[in-house]
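The figures that follow rest on heavy atoms only: side chains count, while hydrogens, waters and symmetry mates do not. In what follows, every chain begins at residue 1, and chains take the letters A, B, ... in the order their sequences are listed.
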Amino acid sequence: MNQSQTSEDPSFLEAARREKLQRLVDLGHDPFGQRFDDRESIGAIRDRVHQIRFVSPDGCRHHLPDPLVPEAFRGWLESQGAGELVGPQVRAAGRIMLHRDKGKLHFIDIEDWTGRIQLFVGKAQLGEQDWQLVECLDLGDLIGVDGELRLTKTGELSIFARRLHFLTKSIEPPPAKHQGLVDPELRQRQRYVDLAYNEGVRDRFLARSRIVQSIRRTLADDGFVEIEGPTLHSIAGGAAARPFTTHHNALDLSLFMRIALELHLKRLMVGGMERVFELGRVYRNEGISPRHNPEFTMLEVYQAYGDYRSMMDLTERLIVDAIVTLGKGFVLPWGDVTIDFTPPFARRTYDELFGEQTGVDPQDAVAIRSLAESIGLETAGKHPDVVKSEVFEERVEEALIGPIFVTDYPASICPLTKRKRERPEVAERFELFVRGMELANAYTELNDPDLQERLFRTQLEGMPEEDSMARMDHDFVRALRHGMPPAGGLGIGIDRLVMLLTNSSTIRDVILFPLLRPETA
RNA sequence: GGAGGCGUAGCUCAGUCGGCAGAGCAACGGACUUUUAAUCCGUAGGUCCCGGGUUCGAGUCCCGGCGCCUUCACCA
C-alpha cells in the first residue's frame with residue numbers, strides 16, 4: 001500500500017481484525033472470552049435431530065421423516081401445510097469456519113472437534129444487543145451460541161440463535177476456506193492451523209491416540225508393567241545408531257539421549273519385573289526421510305520365561321487389538337492398494353522366503369554370491385550371510401506385502417540374539433513386514449553375561465574412533481551376572497504402525513511436530 | 001550427502017518468446033431474513049525466497065545461497 005507498510009506493521013488483514021476486536025471491547029464484550037459452561041459437543045447436538053417435531057395447528061406433534069434427506073424434507077414440509085418445527089434448546093461453542101451474510105440474516109458454520117453445524121442468525125430473532133456482535137465476527141473466531149435446534153426450509157440442521165457469546169478473537173486470518181493449508185512445510189510448522197482447518201488431520205492424530213491407548217490396554221490386561229526409563233544415558237546402548245549428545249552442567253558430565261529402551265528394561269527383568277514395557281521416545285542423530293524422524297516413539301516389551309515365539313503372538317494381538325479399536329475392519333487402505341490385517345498373520349522362515357523369491361538354494365553360498373553379483377551388489381570380502389542378507393533386503397523384502405512374520409534369521413547377522421539350540425547357525429529372531437516396511441523386531445534375548453560381554457567387545461573392535469561413544473556397558477553386564485531370566489523381547493516402531501493404520505505415506509504426517517530447521521526471520 | 005522439482009498477495013494458484021504484476025478465496029464499502037464454496041456492485045492488497053550477473057529492460061535467462069518436497073544413499 002505504501003512505504004510504511006513494513007513487516008513491523010500489522011498486516012492489512014490483521015488490522016481489520018484488530019479494529020473489530022476494539023469494537024467488541026467498546027460493546028462491553030471480552031474479546032478473549034470467559035468460561036462457558038453446560039455446552040454440548042456439536043456431534044452430540046447433531047444426534048438430537050430426532051427430538052425435533054413438527055407441530056400442526058391442532059397441537060399434534062409429528063415425527064420427521066426418516067431418513068432425513070434435505071431434498072425430500074423440503075417436499076415433506078410443504079405437504080404438511082400449516083404448523084411449525086419445534087426442537088430442543090441447545091448450547092454449543094466452536095470456531096467459525098464459514099460465514100454467509102444475507103443482510104439481516106447470517107448463516108454461520110461453527111465447528112468443534114466432533115463436527116460442524118450451521119447457525120441461523122437473524123437480526124429479528126437475536127435482538128439488537130447481540131446483532132452488533134455479529135458484525136464483529138471473522139472467520140476463525142471462537143463463539144458460543146444458545147438456541148433451538150431445528151431445520152431450515154431447505155432441510156439443513158441448524159441452531160436458530162437466540163444468544164451469541166463471544167469467546168475468542170482470531171487475530172490471524174485463516175487459510176483458504178476449502179483447501180486449508182496446502183504447503184507441507186507450513187502444515188508441519190503451524191500444526192495448529194493444519195489441525196484447525198484441514199480435514200482429516202484431527203482424525204489421524206486421534207487415531208494415533210487410540211492406537212497407543214489400545215496397546216497400553218492390551219499389555220496391561222496381560223500383566224505387563226509400564227515403566228519410564230532414563231532418557232539421558234552416559235552410554236548410548238541397545239542399538240547401533242548415532243546418538244545426540246548433551247551435557248549436565250552441575251555434574252560436568254557428557255550425556256547421550258537414548259537410542260533404545262532395551263538395556264534398562266532388561267535390568268528391570270533382573271530385578272524381578274517379569275513382564276515389563278516402555279512406550280517412549282528415542283533419539284537418533286541420523287538422516288531424515290519419509291520413514292525417519294530424529295525423535296520417534298518406540299515400544300519395547302520384555303517377557304521373562306518367554307521367547308521370540310511368545311513375542312510373535314503378542315505382536316499379532318497388539319496390532320489386531322489396535323485395529324479393532326479403530327473400528328474400520330481388518331482391510332485397510334494403503335495408498336492405492338489395501339492391506340489385509342485379518343489374523344493370523346503369515347509366519348515364514350527367512351530361508352523359505354529367500355528360496356521362493358530368488359529361486360536360489362538358501363544354503364548354496366556360491367549360488368547366492370553369483371546372484372548378488374548379477375544384481376550389482378558388492379560381495380568382496382563379505383561373510384556369506386552378509387551377502388545373503390543384502391540379497392534378502394534387495395530382492396525379498398519388497399515382496400513382503402504382509403503382514404508377514406519372517407523368522408529364523410542367520411545367526412551371524414544378529415550377534416546379540418540367542419541361537420536355536422539344535423541349529424546354532426540360526427538366530428531366534430523375527431521381523432514383521434508390511435508392504436516392505438519393517439514394523440516389529442523381536443528376539444529370544446541373550447542372557448549369558450560372559451557371551452554378552454564377549455560380543456560387545458567384538459562389536460566395539462574395528463569401530464572408527466569417532467564412534468567411540470559406543471562403549472562397553474559394564475553395569476549392564478553386571479546386571480546379567482545377577483541372572484536375567486530367559487526372555488522374549490520385542491520392539492515396535494509406533495510411528496510406522498500409525499502410518500500403516502492411518503494410510504499415511506510419511507512419518508511426518510503422524511508426528512505432530514516433526515523436526516524442521518528453525519524458521520528464518 | 002547425491003540427483004531432480006518447487007518458492008509470485010493472508011491462503012490456493014496463473015504468468016506465453018525477456019516487454020506495465022494477474023485470478024479465485026479471504027479483507028474493506030454497499031444490496032439482500034432460509035443460505036449451502038450464497039449471489040450481485042464497488043475498493044484495496046506485492047521484498048515475485050535471498051544475493052550477484054547478463055540485458056535498453058529479468059517473476060522469466062545465468063551463477064551462488066536458503067528453505068521445503070520427491071528420490072537415492074546412510075540407518076540392528
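- Distance from the side chain of P184(A) is smallest for rC69(B) among the nucleotides rA26(B), rC69(B), rU70(B).
- The side chain of L186(A) sits closest to rC11(B) out of rU34(B), rC11(B), rC28(B).
- Mapping P174(A) and G122(A) onto RNA chain B by nearest heavy atom places P174(A) closer to the 5' end of the strand.
- Nucleic acid contact for D101(A): base, since at least one base atom lies under 4.0 Å from a heavy atom of the residue.
- A sub-4.0 Å separation between OP1 or OP2 of rA38(B) and a side-chain N or O of R100(A) is present.
- At the heavy-atom level, A124(A) lies under 4.0 Å from base atoms of the strands shown.
- What separates CD of E156(A) from P of rU35(B) is a distance of 11 Å, to the nearest Å.
- Distances shown here put a side-chain N or O of Q188(A) below 4.0 Å from the OP1 or OP2 atom of rC69(B).
- The side chain of K104(A) contributes no N or O atom lying less than 4.0 Å from OP1 or OP2 of rA31(B).
- For R74(A), the listed nucleotide lying nearest its side chain is rU35(B); candidates were rU35(B), rG10(B), rC11(B).
- Nucleotides rG42(B) and rU55(B) are separated by 45 Å at their P atoms, to the nearest Å.
- The side chain of H292(A) lies closest to rC74(B) when the candidates are rC13(B), rC74(B), rC68(B).
- Aromatic ring orientation, H233(A) versus H264(A): tilted (interplanar angle from 30° to 60°).
- When the nucleotides rA27(B), rU35(B), rA76(B) are ranked by their closest atom to the side chain of A16(A), rA27(B) comes out on top.
- Out of rU33(B), rA26(B), rC68(B), the shortest distance to the side chain of Q125(A) is found at rU33(B).
- Regarding L439(A), its CG atom lies at a distance of 18 Å from the P atom of rA76(B), rounded to whole Å.
- Close to rC69(B), at under 4.0 Å from its OP1 or OP2, lies a side-chain N or O of R508(A).
- Note on P70(A): nothing from the nucleic acid sits closer than 4.0 angstrom, heavy atoms only.
- Of the candidates rA76(B), rU34(B), rG10(B), the closest approach to any side-chain atom of R429(A) belongs to rA76(B).
- Residue D138(A) places its side chain closer to rC28(B) than to any other of rU35(B), rC11(B), rC28(B).
- Relative ring orientation between Y350(A) and Y409(A) is described as tilted, the plane-to-plane angle lying within the 30° to 60° band.
- Considering only side-chain N and O atoms, K177(A) lies under 4.0 angstrom from the phosphate OP1 or OP2 of rA26(B).
- Distances shown here put every side-chain N or O of K123(A) at or beyond 4.0 Å from the OP1 or OP2 atom of rC32(B).
- Listed nucleotides: rA76(B), rU35(B), rC13(B). Nearest to the side chain of N441(A): rA76(B).
- The side chain of K102(A) sits closest to rC32(B) out of rC11(B), rC32(B), rA76(B).
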